[in-house]
Amino acid sequence: LANGISISNNQIDNNANGIAINADNVNRLVTIQKNTIESNDNEGITMFGSSNSPNAKIKQNDINSNAGNGIGIFAGSATITFNNIVGNTNGGINGGGADSTVDATSNWWGDANGPSTTDNPATTSGASITGDVTFEPWADAEINTDNPNPSLTSAESIGTDGSTTINTGSTTVSSANIQSNADTSG
């Protein structure tokens, strides 16, 4: 592409890193979309180097079972949306670049209570986040990456005990157990 680089519709597995972007050699938009990135020896996706010029859009991917982080952003900036980021050995995202900007909203972290990070007060077993990463709101269930339209939630609606608060407009309902009265008998 003349205006950018696109990596899409691939099965990327059993490599050192699934996708490695050297920021010193790339100064345009990189779009990573609709891939399955799994079982790599280090990061699923990594962006590194001393330049902060590249911008990555990482969307609609399944990023799982990598031996490092699902995603490591150590240079440049990234918008990371509508991905399933679960089961990576070192965590979901490391936004460790000093000048990196990482927007990772609207992703599934493996737990309805969101990612595991000091900025999320909820008790969760979701993938961990380190560094300066924006993660709210998040998907509260696995995302269909072919047609993403996830239900989203945030730390404001989840208590430290795992309860969920639902604001219905004029009334706020808080409960740890929400039951449906739907007739499932057929």
Side-chain angles (χ1 to χ4, degrees), residues 1 4-26 28-49 54-97 100-118 120 122-135 137-152:
L1 295 174
I5 298 168
S6 179
I7 302 168
S8 60
N9 299 308
N10 296 288
Q11 172 73 34
I12 301 170
D13 57 27
N14 298 306
N15 298 292
N17 288 296
I19 298 172
I21 303 164
N22 184 337
D24 297 333
N25 297 327
V26 177
R28 56 181 131 175
L29 176 64
V30 177
T31 301
I32 301 169
Q33 182 174 4
K34 292 188 177 182
N35 299 286
T36 298
I37 304 166
E38 63 185 0
S39 302
N40 294 290
D41 293 338
N42 296 300
E43 315 286 356
I45 300 170
T46 185
M47 195 156 63
F48 61 93
N55 181 14
K57 288 188 179 183
I58 302 169
K59 57 187 181 176
Q60 296 173 264
N61 299 285
D62 289 306
I63 304 167
N64 60 74
S65 303
N66 295 288
N69 292 293
I71 303 171
I73 304 297
F74 305 104
S77 62
T79 302
I80 303 166
T81 56
F82 305 124
N83 299 285
N84 296 307
I85 307 170
V86 297
N88 299 288
T89 303
N90 288 350
I93 296 178
N94 185 341
S100 297
T101 302
V102 181
D103 177 352
T105 57
S106 305
N107 293 292
W108 169 242
W109 304 99
D111 189 302
N113 287 342
S116 174
T117 176
T118 56
N120 182 359
T123 301
T124 179
S125 63
S128 66
I129 292 177
T130 55
D132 189 13
V133 176
T134 302
F135 62 90
W138 60 79
D140 60 12
E142 187 172 356
I143 295 171
N144 174 349
T145 56
D146 289 326
N147 186 21
N149 188 21
S151 171
L152 302 176

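In this structure, N90 has no side chain to side chain donor-acceptor pair (under 3.5 Å) partners at least two apart in sequence or on a different chain. Residues forming a side chain to side chain donor-acceptor pair (under 3.5 Å) with N17 (at least two apart in sequence, or on another chain): none. For the side-chain contact (heavy atoms from CB on, under 4.5 Å) test, residues two or more places apart in sequence or in another chain that qualify with L152 are S106, P137, A139, P150. With sequence neighbours left out, N15 forms a side-chain contact (heavy atoms from CB on, under 4.5 Å) with I12, N40. Partners of N42 by side chain to side chain donor-acceptor pair (under 3.5 Å), not counting sequence neighbours: none found. D62 is linked by a side-chain contact (heavy atoms from CB on, under 4.5 Å) to T36, N64, N84, T145, counting only residues two or more places apart in sequence or in another chain. With sequence neighbours left out, the side chain to side chain donor-acceptor pair (under 3.5 Å) criterion links D103 to T105.
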Check against side chain to side chain contact (heavy atoms under 4.5 Å, CB included), W109 and V86: CA-CA 6 Å; W109 304 99; V86 297; 5.7 Å; no

Criterion side chain to side chain donor-acceptor pair (under 3.5 Å) on D140 and S151, from CA distance to verdict: CA-CA 6 Å; D140 60 12; S151 171; 3.1 Å; yes

Side chain to side chain contact (heavy atoms under 4.5 Å, CB included) between F48 and E43, worked out: CA-CA 11 Å; F48 61 93; E43 315 286 356; over 6 Å; no

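Here the CD1-CD1 distance, from I93 to I58, works out to 7.5 Å after rounding to the nearest 0.5 Å. Taking CD1 of I32 as the start and CD1 of I71 as the end, the distance is 8.0 Å to the nearest 0.5 Å. Atom NZ of K59 sits about 12.5 Å away from atom CG of N107, to the nearest 0.5 Å. Q33 contributes atom CD, which lies 4.5 Å from atom CD of Q60 (distance to the nearest 0.5 angstrom). Expressed to the nearest 0.5 Å, how far CZ of F82 lies from CG of D146 amounts to 13.5 Å. Rounded to the nearest 0.5 Å, atoms CD1 (I63) and CD1 (I19) are 8.0 Å apart.
Taking the side chain as every heavy atom from C-beta outward, N69 and N88 never approach each other to under 4.5 Å. Under the 4.5 Å side-chain criterion, counting only non-hydrogen atoms from C-beta, T31 is not in contact with S8. For the pair I85/I80, a side-chain contact is recorded, criterion being any heavy-atom separation below 4.5 Å from C-beta on.
Of the residues listed (V102, N55, I21), the one engaging M47 in a side-chain contact (heavy atoms from CB on, under 4.5 Å) is I21, and it is the only one. Each of N83, T81, N10 was scored for a side chain to side chain donor-acceptor pair (under 3.5 Å) with N61, with one residue passing: N83.
Between the side chain of N22 and the main chain of D24, a donor-acceptor pair closer than 3.5 Å is present.
Heavy-atom minimum distance, A75 versus S100: N-OG, 3.4 Å. The minimum heavy-atom distance between A112 and W138, with the atom names listed, is O-NE1, 3.0 Å. Of all the heavy atoms in W108 and I143, the pair that sits closest is N-CD1, 3.8 Å.
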Distance-only criterion, 3.5 Å: show the donor-acceptor pairs between side-chain atoms of residues 125-133 and protein atoms not counting sequence neighbours.
{"unit_1": "S125", "atom_1": "OG", "unit_2": "D111", "atom_2": "OD2", "d": "2.9"}
{"unit_1": "T130", "atom_1": "OG1", "unit_2": "N94", "atom_2": "OD1", "d": "3.4"}

